[in-house]
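Here's the structure, in structure tokens; my notes come after.
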Amino acid sequence: MWNSAKSNQLRVQPALTEGRMLTGQGRDAARTAKRKLVSTEGIFTWTVRVWLKRDSGQYWPSIYHAMPSPCSCMSFNPETRRLSIGLDNGTISEFILSEDYNKMTPVKNYQAHQSRVTMILFVLELEWVLSTGQDKQFAWHCSESGHRLGGYRTSAVASGLQFDVETRHVFIGDHSGQVTILKLEQENCSLVTTFRGHTGGVTALCWDPVQRVLFSGSSDHSVIMWDIGGRKGTAIELQGHNDKVQALSYAQHTRQLISCGGDGGIVVWNMDVERQETPEWLDSDSCQKCDQPFFWNFKQMWDSKKIGLRQHHCRKCGKAVCGKCSSKRSSIPLMGFEFEVRVCDSCHEAITDEERAPTATFHDSKHNIVHVHFDATRGWLLTSGTDKVIKLWDMTPVVS
């Protein structure tokens with residue numbers, strides 16, 4: 001079921017903890033042809049490295065900068081070549097990279113958090129630096145002055161952060177499985193709403209400002225599409241991973257979602273189809289198909305002199321059914337079920353071959369992914385894994 005795509009593999013220092021694809025470009029064609037990579041590493045010393053693609057086609061380290069604490073996350077803006085790095089000690093260090101990517105100039109440090117920085121976003125339009133930390137704090141700073149503008153305490157450690165420039169809404173996903181939406185002003189914020197749909201912690205967020213849709217990935221192996229712009233509370237569930245979802249990226253021009261799992265699975269979802277919400281599971285004391293009592297329904301078991309059965313649910317209609325009435329399995333891609341799931345016998349007969357047509361493609365990265373960056377302009381996907389390897393993928397055959 002899984003297909004391998006071609007990858008350009010880069011092996012870096014043994015202590016590699018994170019890698020990111022840079023999309024900055026130089027002035028001339030030769031410089032533009034160089035693909036830039038930044039990685040962070042550390043055993044006894046912790047450094048930030050810039051990797052450049054040489055004429056030979058191999059990546060070699062260009063420069064590095066020693067850091068006072070292990071690096072935990074980073075954000076790079078290609079227009080300004082501004083690199084923001086979060087550290088384990090709660091500090092955010094900011095650098096400007098030269099046009100040829102052969103020099104890093106320290107700009108300023110933000111004392112943002114009391115403990116490890118978990119996420120960073122730089123908002124060029126507002127000159128804001130947004131961040132979350134293990135201290136359960138969300139904070140935003142002015143990148144011009146370095147001053148802290150405000151903060152908000154989350155219910156759990158944040159693990160996902162996205163921002164909408166037009167409305168100044170920030171989306172924060174945390175380990176409890178909750179997503180919090182805040183409205184930011186220059187020096188204060190207000191809570192808009194919170195919502196929860198995952199049974200595990202949120203591990204990744206991705207925002208589409210055009211369709212106004214938020215995607216959340218979770219340790220429960222699922223992805224949920226929240227239709228924020230539709231104002232109808234629609235939530236579409238996507239089930240295509242066998243392990244926790246580690247990262248999400250979205251290609252706006254093709255309306256395709258890329259989700260990467262801890263088991264190395266890369267799933268490309270076609271979001272340009274009319275998807276359906278999964279039904280609510282109905283409550284019943286007996287099978288809603290054959291009326292056989294479930295094992296807790298002692299009265300009906302006594303009256304009918306029948307043994308109680310275990311309860312199941314049809315994933316298509318949501319009805320409570322017994323095992324005999326739901327012996328079939330089927331994929332329901334338009335409901336987000338790319339793998340076969342339990343359905344009742346009548347729904348199994350009603351599902352057509354057209355409705356079973358897959359809406360996603362599956363690929364194997366062959367390493368346990370911990371971080372992802374997607375460059376939509378080139379169609380390149382960068383993955384780094386627990387095997388201390390960075391892989392660069394050409395996604396144009398599947399994202400087009």
Side-chain angles (χ1 to χ4, degrees), residues 1-5 16-20 72-74 86 116-119 132-134 136 154-162 171-180 194-207 213-226 235-250 256-269 271 278 315 331 333 335-341 359-374 381-391 393 395:
M1 189 172 188
W2 298 88
N3 300 317
S4 296
L16 178 71
T17 57
E18 180 176 355
R20 183 176 291 270
S72 55
C73 57
M74 64 169 64
R116 183 182 189 183
V117 182
T118 57
M119 301 292 295
T132 59
Q134 281 193 334
K136 300 181 182 179
T154 57
S155 59
V157 176
S159 47
L161 181 65
Q162 292 287 281
F171 307 93
I172 306 170
D174 62 44
H175 287 173
S176 73
Q178 178 173 286
V179 177
T180 302
T194 60
F195 45 85
R196 185 191 299 268
H198 292 287
T199 57
V202 174
T203 53
L205 292 179
C206 185
W207 172 246
V213 167
L214 179 71
F215 299 95
S216 61
S218 171
S219 58
D220 64 8
H221 308 179
S222 72
V223 177
I224 296 180
M225 182 187 80
W226 308 89
I236 304 296
E237 192 171 341
L238 305 175
Q239 296 281 357
H241 287 278
N242 294 314
D243 201 344
K244 64 179 179 180
V245 179
Q246 290 282 43
L248 298 171
S249 298
Y250 189 68
Q256 287 174 288
L257 177 71
I258 303 172
S259 60
C260 300
D263 60 354
I266 300 176
V267 185
V268 181
W269 304 86
M271 302 310 298
T278 53
R315 290 344 186 239
S331 61
M335 282 189 171
F337 297 114
E338 292 290 334
F339 302 146
E340 290 190 345
V341 291
T359 61
T361 58
F362 297 82
H363 314 272
D364 188 3
S365 68
K366 299 189 183 301
H367 68 163
N368 297 330
I369 296 172
V370 295
H371 180 80
V372 165
H373 178 74
F374 180 62
L381 182 75
L382 181 146
T383 63
S384 61
T386 56
D387 55 1
K388 302 167 187 175
V389 171
I390 292 177
K391 294 183 180 182
W393 305 81
M395 300 295 289

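Every value quoted in this text rests on a predicted model; they were computed, and no experiment measured them. Just the heavy atoms: all of them, side chains too, but no hydrogens, waters or symmetry mates, feed the values below.
No donor-acceptor pair under 3.5 Å is formed between the side chain of Q246 and the backbone N or O of T203. Although no hydrogens or angles enter the test, the distance criterion places no donor-acceptor pair under 3.5 Å between the side chain of T118 and the main chain of Q134.
The shortest heavy-atom contact between S222 and V245 is O-CG2, 3.7 Å. The two residues A247 and V372 have their closest heavy-atom pair at CB-CB, 3.5 Å. Nearest heavy atom pair, residue G240 against residue V267, reads O-CG2, 3.7 Å. Smallest separation of non-hydrogen atoms from C206 and L248: CB-CB, 3.8 Å. Closest non-hydrogen pair, L257 versus S249, comes out as CD1-O, 3.3 Å. Heavy-atom minimum distance, R116 versus S72: NE-CB, 3.1 Å.
T132 pairs in a side chain to side chain contact (heavy atoms under 4.5 Å, CB included) with only one of the listed residues (V117, L161, V157, D174), which is L161.
Not counting sequence neighbours, the partners of S218 by the side chain to side chain donor-acceptor pair (under 3.5 Å) test are D220. F337 is linked by a ring-ring contact (aromatic ring centres under 6.0 Å, His included) to nothing, counting only residues two or more places apart in sequence or in another chain. With sequence neighbours left out, the side chain to side chain donor-acceptor pair (under 3.5 Å) criterion links T194 to no other residue.
Atom-to-atom distance recorded for I369:CD1 and T386:OG1 is 10.0 Å, nearest 0.5 angstrom. Interatomic distance, CE of M119 versus CD of Q162, reported as 7.0 Å (0.5 Å rounding). Atom CZ of F374 and atom CD of Q256 lie 8.0 Å apart (nearest 0.5 Å). To the nearest 0.5 angstrom, D364 atom CG is 8.0 Å from D263 atom CG. Here OH of Y250 is found 5.0 Å from CZ of F215. Values are rounded to the nearest 0.5 Å. Note that CG of D243 is 5.0 Å distant from NE2 of H221, once rounded to the nearest 0.5 Å.
A tilted orientation is assigned to the rings of H241 and W269, their planes being inclined by 30° to 60°.
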Worksheet item: Could you go step by step and tell me if M395 and V268 meet the side chain to side chain contact (heavy atoms under 4.5 Å, CB included) rule?
Response: CA-CA 10 Å; M395 300 295 289; V268 181; 3.9 Å; yes
Fill in: Evaluation steps, side-chain hydrogen bond (donor to acceptor under 3.5 Å, both in side chains), between S331 and E338
CA-CA 5 Å; S331 61; E338 292 290 334; over 6 Å; no
Practice prompt. List the steps, then state whether side chain to side chain contact (heavy atoms under 4.5 Å, CB included) holds for M271 with L238.
Written response: CA-CA 10 Å; M271 302 310 298; L238 305 175; 4.1 Å; yes
Item to complete: Just do the side chain to side chain contact (heavy atoms under 4.5 Å, CB included) check on S159 and H175 with the steps written out, would you?
Response: CA-CA 6 Å; S159 47; H175 287 173; 3.4 Å; yes
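Looking only at side-chain heavy atoms (C-beta outward), W393 and S365 come within less than 4.5 Å of each other. Side chains of R315 and M335 form no contact here, defined as non-hydrogen atoms less than 4.5 Å apart.
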